[in-house]
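Whatever order the structure lists ligands and atoms in, that order sets their numbers, starting from 1. Bear in mind that the values here come from a model prediction, so they are computed numbers and not experimental data.
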Amino acid sequence: MSELEARFSTEEACREYLFQLRWPEGFVCPRCGPQRCWPLGAARIECAGCGYQASVTAGTIFQDTHKPLTMWFRAVWWVTAQKTGASALGMQRVLGLGSYQTAWTWLHKLRRAMVRPGRDRLSGRVEVDETYIGGAEPGTAGRGAVQKALVVVAAQEDGKGIGRIRMRRVPDASGPSLLGFIDDVVEPGSLIHTDGWETYKVLPERGYRHEISKLKGKPEQAWDLLPRVHLVVSHLKRWLLGTHQGAVSPAHLDYYLDEFTFRFNRRTSASRGKLFYRLLQHAVAADPAPYSGMVKHVRGRPPKRNR
Ligand SMILES: [Zn+2]
């Protein structure tokens with residue numbers, strides 16, 4: 001933390017770092033492409049070609065922030081330092097933010113940056129299966145009203161272990177939901193390993209090789225058929241219970257899935273510095289996430305603290 005504060009003690013140092021991350025090959029004008037640029041006051045730059053005035057934070061999650069970038073950098077550092085998961089309350093305390101709502105908004109902006117659009121797709125051999133998150137445990141009758149979310153998970157095989165993963169909340173187990181996910185996250189030509197669910201049978205028509213493992217006995221054996229995906233799911237459920245006391249509203253589940261995926265895919269990066277760099281790199285590539293858009297599913301209000 002002290003190393004971070006020494007290196008990024010000024011707004012200028014933070015902006016310069018973001019500039020390097022956003023335009024590693026040099027400034028790219030949103031209007032006329034690669035160009036030289038001039039500084040314009042402290043926070044803005046002007047395109048030498050067309051006069052367009054840009055800033056390094058415009059179009060990123062830092063757009064329109066009223067707080068200093070030095071504080072944002074501390075927030076990113078703190079989030080990447082949390083081994084299990086970050087809570088809004090924790091962030092509020094560490095940064096000394098006056099409002100819980102601000103901490104909650106920041107955390108969700110950073111979660112959104114954890115999954116970058118256009119990242120590499122999985123390839124090779126990939127296990128795919130769906131699971132329910134939340135709601136009643138199997139066997140508890142009469143709890144149909146409890147909200148459950150269907151999540152589809154893809155886990156790349158890495159020898160006997162697990163490579164990278166992807167996951168997404170889907171409305172149902174239909175073709176558009178499951179196959180759309182696979183198209184987005186798995187490279188064509190890969191071998192996809194699933195159970196015998198009907199929807200997956202058209203995978204060969206979509207450019208994938210397909211291996212089906214069918215249950216021969218009890219449903220409990222599903223665990224052994226697709227061991228990687230089920231290991232990921234059990235980690236995910238434990239993480240949601242441990243970090244968020246299981247109190248994850250379906251409207252925000254997407255963010256938690258992104259955070260879990262980000263951490264899981266980097267579980268072996270020993271260096272915190274690398275995570276910090278990666279998250280800031282995503283943050284300047286991500287679309288801005290205005291607060292209003294973030295909470296539209298929950299009637300304009302961040303969730304209450306769960307305690
Ligand atoms: Zn220009």
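Below 30°, between 30° and 60°, or above 60°: for Trp72 and Trp106 the angle between ring planes is below 30°, a parallel geometry.
Residues passing the side-chain contact (heavy atoms from CB on, under 4.5 Å) test with Val170 are Leu150, Val152, Arg168, Ser177, Leu178, sequence neighbours excluded.
Because its NZ or CZ atom is both nearer than 6.0 Å to the ring centre of Phe264 and within 45° of the ring axis, Arg267 counts as a cation-pi partner of that residue.
Sorted by chain and number, the protein atoms of type N, O or S within less than 2.8 Å of the Zn ion (ligand 1) are Cys29 SG, Cys32 SG, Cys47 SG, Cys50 SG.
Salt bridge status for Lys214 with Asp195: absent, with no side-chain N to carboxylate O gap under 4.0 Å. A salt bridge does not link Arg111 to Asp258: none of the charged nitrogens lies less than 4.0 Å from a carboxylate oxygen.
When ring centroids are compared, Phe19 and Trp23 come within the 6.0 Å threshold.
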